[in-house]
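All of these numbers come straight from a predicted model, not from anything done at the bench.
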Amino acid sequence: MKAGERQKQLRGLRQESRRFRLLAIVVSFFLISLTFVFFSKPDAILFGLNGKLPVDQAPTSILIQQKVNEPAGDSRKTSTDALRGDPKVVDDEADVKPKGGGEEEEGRVLSEPDPTSGMMEPTHKKDGNGHKSHEETLGGGGDGEKKGKGEEEGEHTEQKHKVTLPTVSNYTIHDAAEDTENAKQEGINNVQQGSKPLCDFSNFRANVCEMRGDVRIHPTATSVLFMEPEGSRRDEVWKIKPYPRKGDEFCLSHITELTVKSSKVAPECTKYHDVPAVIFSLTGYTGNLFHDFTDVLVPLFTTASEFNGEVKFLITDMALWWTIKYQTVLQKLSKYPVIDFSKDDQVHCFKHAIVGLHAYMEFTIDSTKAPHNYSMVDFNRFMRGAYSLSRDSVTVLGEYPKIKPRLLIIKRHRTRMFLNLDEIIAMAEELGFEVVIDEANVSSDISRFARLVNSVDVMMGVHGAGLTNCVFLPQNATLIQIVPWGGLDWISRTDFGNPAELMGLRYKQYSIGVDESSLTDQYPRDHEIFKNPISFHKRGFDFIRQTFMDKQNVKLDCKRFRPILLEALDNLNP
């Protein structure tokens with residue numbers, strides 16, 4: 001029995017020895033092969049080993065729409081190259097021309113497979129919350145470029161002279177140096193963005209997304225892609241309409257929805273930019289002077305001022321007339337032409353992008369939350385500077401004895417008109433004012449009106465968009481708002497009173513009485529509209545606007561209003 005066991009042990013040892021020798025041979029062969037690869041092509045690494053996927057393994061969750069226009073004779077870019085789309089440093093705004101597959105670089109000839117014709121197109125679904133809601137399908141065939149017979153034969157002939165590693169015949173070989181640079185960029189992306197979500201939907205008025213790293217903006221696909229570093233599990237998808245009227249379904253129904261998402265795969269860049277991007281919409285309620293400021297200009301100032309002009313604006317739902325009207329402001333905030341998002345088919349690559357605008361209460365900036373603690377005082381200063389206005393503060397009464405304090409009365413022609421304007425003018429002149437009458441409307445020359453407003457010490461008018469021009473008043477000037485009948489004090493103070501005070505202006509609010517309202521010509525004195533106007537507010541803002549704003553004019557009681565103007569004069573005393 002012992003002899004039998006000894007023989008079994010010997011046989012076992014021989015088998016173990018043979019397995020060990022076989023393993024040693026395999027390991028030696030692997031090391032020899034690896035040594036051959038790296039010494040014969042030290043600057044080449046396998047495409048599949050760089051954490052990128054070939055086309056047939058690429059996830060279908062990213063839209064690929066690549067249009068490559070190349071001169072005749074150049075080989076075409078592979079779809080695998082379009083998927084990895086690694087950024088390179090090029091001149092700003094320059095078109096990127098992809099390398100041909102047979103192009104020689106420093107003595108090396110690279111081989112690339114023929115391009116595929118597949119194209120991924122997304123189909124989105126809304127979930128009501130603005131994120132984590134999309135389905136995407138893979139569309140194929142028919143979109144790729146067709147080649148003639150002679151062109152194909154030429155390519156086959158050229159392939160005979162190309163050097164290809166036998167183990168990677170189906171993959172593209174690219175630079176090890178490029179991989180190192182990509183790895184560095186991915187690390188930078190991770191550090192820059194950190195664990196911070198791409199979007200912040202916590203603000204009651206506006207949703208904003210901000211990304212730092214490798215950001216791809218593809219207007220045709222209405223998508224903004226943040227390229228994730230290797231190993232990231234961010235997996236974020238957000239839906240955003242870049243106009244600060246959150247919750248206003250009617251307004252937002254006219255705004256283009258964008259998809260902001262993190263991804264490891266994206267279309268290749270066709271334009272590179274060295275400055276940040278800010279994306280916003282111009283549809284909404286723009287065209288009304290008040291909304292031009294509260295919905296766009298104030299939020300845009302808050303969002304873009306920190307870049308000191310080194311920022312590019314991408315505008316969805318473009319309104320060309322609007323950009324012309326406010327060209328002075330736009331050029332003060334950005335040194336570059338605006339990009340019409342809806343008419344652009346490029347893939348823009350940025351290192352920093354903001355989608356949406358920071359906005360707070362109506363026509364105000366919350367300095368405790370705004371970038372760099374910007375305030376309405378800063379905005380007032382900015383507007384005076386943008387239009388090169390000469391007066392930073394009001395003239396002290398008596399400083400120039402022969403110069404009277406100036407009062408601007410905003411005149412209206414259709415609604416909320418002053419029915420006794422001549423009487424108001426006479427009273428103001430009696431108190432010592434030089435009175436100026438003008439009307440602000442959508443067709444007004446902003447530059448001219450800005451100079452007029454900046455030249456006065458007091459501005460007054462009935463509640464309406466014309467009071468928005470207070471942004472041009474010098475510091476310590478007085479804004480007087482006449483509030484129509486109808487329990488509109490809270491609306492008036494929110495829209496103009498609070499903003500004026502936050503800008504460093506003096507503010508006076510005068511609410512008219514029943515006898516000063518033209519509503520007495522439409523309703524009997526014992527009507528509920530006079531007894532309890534607040535009760536009508538439950539019918540909604542449309543009713544409020546139609547009843548108390550659109551159908552009401554004002555006959556000012558000059559005796560009752562006189563003390564308001566006297567207070568405005570007192571404000572001009574040292």
Partners of S492 by side chain to side chain contact (heavy atoms under 4.5 Å, CB included), sequence neighbours excluded? H463, Q481, V483, L488, Q509
Please lay out, stage by stage, how V462 and F418 fare under the test side chain to side chain contact (heavy atoms under 4.5 Å, CB included). CA-CA 8 Å; V462 182; F418 285 119; 3.6 Å; yes
So, are E434 and R406 salt-bridged, with charged N and O less than 4.0 Å apart? yes
Full working for side chain to side chain donor-acceptor pair (under 3.5 Å) between T395 and R391: CA-CA 9 Å; T395 304; R391 298 178 76 214; 3.1 Å; yes
For I217 and P219, which heavy atoms make the closest approach, and how far apart are they? O-CD, 3.4 Å
Examine the side chains of S447 and D445 and answer whether a donor and an acceptor come within less than 3.5 Å of each other. no
Going through the distances and angles, do R493 and N498 end up as a side chain to side chain contact (heavy atoms under 4.5 Å, CB included)? CA-CA 6 Å; R493 171 157 278 282; N498 295 337; 3.0 Å; yes
Do D438 and K411 meet the salt-bridge criterion of a basic N to acidic O distance under 4.0 Å? no
For Y360 and P371 the tightest heavy-atom approach is OH-CD, 4.0 Å
Just to verify, what does Y387 make a side-chain hydrogen bond (donor to acceptor under 3.5 Å, both in side chains) with, not counting sequence neighbours? none
Residue pair S375 / D378, side-chain heavy-atom distance below 4.5 Å: yes
Do D570 and R506 sit within salt-bridge range, that is, some charged N less than 4.0 Å from a carboxylate O? no
Please test H537 against F541 for ring-ring contact (aromatic ring centres under 6.0 Å, His included), starting from the C-alpha separation and ending with a verdict. CA-CA 7 Å; H537 288 203; F541 184 74; 9.4 Å; no
Least distance between heavy atoms, A353 atom then V215 atom: CB-CG1, 3.8 Å
K508 side chain vs I564 backbone, donor-acceptor pair below 3.5 Å: no
With rounding to the nearest 0.5 angstrom, report the CG to CZ distance, L297 to F363. 9.5 Å
Kindly determine whether R384 and D392 satisfy side chain to side chain contact (heavy atoms under 4.5 Å, CB included), including the steps that lead there. CA-CA 8 Å; R384 285 187 276 110; D392 293 329; 2.8 Å; yes
Heavy-atom count around K332 NZ within 6.0 Å, excluding the residue itself: above 12? no
Do the side chains of F226 and S263 get nearer than 4.5 Å, heavy atoms only? no
Are the aromatic rings of F496 and F290 close, with centres under 6.0 Å apart? yes
Give the intermediate values and the outcome of side chain to side chain donor-acceptor pair (under 3.5 Å) for residues T294 and E362. CA-CA 6 Å; T294 189; E362 293 286 9; 2.8 Å; yes
List the steps and the verdict of ring-ring contact (aromatic ring centres under 6.0 Å, His included) for H352 and F307. CA-CA 11 Å; H352 185 189; F307 303 117; 5.6 Å; yes
V338 side chain near Q331 side chain, heavy-atom distance below 4.5 Å: no
Tell me every residue that passes side-chain hydrogen bond (donor to acceptor under 3.5 Å, both in side chains) with K404, counting only those two or more places apart in sequence or in another chain. none
I'd like to know if E310 pairs up with K335 as an ion pair, taking the criterion as any Lys NZ or Arg NE/NH1/NH2 lying under 4.0 Å from an Asp or Glu carboxylate oxygen. yes
Would you find a donor on one side and an acceptor on the other, under 3.5 Å apart, between the side chain of N203 and the backbone of A359? yes
Applying salt bridge (Lys or Arg N to Asp or Glu O under 4.0 Å), run through D295 and R205 and close with a yes or a no. CA-CA 10 Å; D295 291 352; R205 173 128 186 257; 3.0 Å; yes
Closest non-hydrogen atoms of C199 and V260, given as atom of the first, atom of the second and distance, are SG-CG1, 4.0 Å
What distance separates T303 OG1 from E210 CD, expressed to the nearest 0.5 Å? 9.0 Å
Assert yes or no for the condition that the ring centre distance of Y374 to F301 is strictly below 6.0 Å. yes
For K312 and S334, what are the C-alpha separation, side-chain angles and deciding distance, and is it a side chain to side chain donor-acceptor pair (under 3.5 Å)? CA-CA 6 Å; K312 293 187 178 180; S334 172; over 6 Å; no
Taking the side chain as everything from C-beta on, heavy atoms only, tell me whether L330 gets closer than 4.5 Å to F313. yes
Can you tell me how far apart CD1 (I339) and NE2 (H273) are? Round to the nearest 0.5 Å. 5.0 Å
Roughly how far apart are S281 OG and I255 CD1, rounded to 0.5 Å? 3.5 Å
Under 3.5 Å side-chain donor-acceptor pair for T259 and K239: yes
R216 and D214 ion-paired at < 4.0 Å: yes
Mark yes when over 12 heavy atoms from residues, nucleotides or ligands other than M361 sit less than 6.0 Å from its CE; otherwise mark no. no
Given side chains that start at C-beta, do those of S262 and E236 come closer than 4.5 Å, heavy atoms only? yes
Between N207 and K246, a side-chain donor and acceptor under 3.5 Å: yes
Going by the angle between their ring planes, with limits at 30° and 60°, are F250 and H254 parallel, tilted or perpendicular? perpendicular
Could you tell me whether the side chains of S367 and N373 share a donor-acceptor contact shorter than 3.5 Å? no
Go through M211 and V355 one step at a time and tell me if the side chain to side chain contact (heavy atoms under 4.5 Å, CB included) criterion holds. CA-CA 9 Å; M211 293 145 281; V355 184; 4.0 Å; yes
Answer yes if the side chains of D345 and T220 hold a donor-acceptor pair under 3.5 Å, and no otherwise. no
So, taking the atom named CG in L198 and the one named CG in L225, what distance separates them when rounded to the nearest 0.5 Å? 10.5 Å
Between S455 and R451, is a side chain to side chain donor-acceptor pair (under 3.5 Å) present by the stated rule, with each step listed? CA-CA 6 Å; S455 72; R451 291 193 296 272; over 6 Å; no
Could you state the interatomic distance from CD (E501) to CG (L479), rounded to the nearest 0.5 Å? 9.5 Å
Does a side-chain heavy-atom distance below 4.5 Å link I279 with I354? no
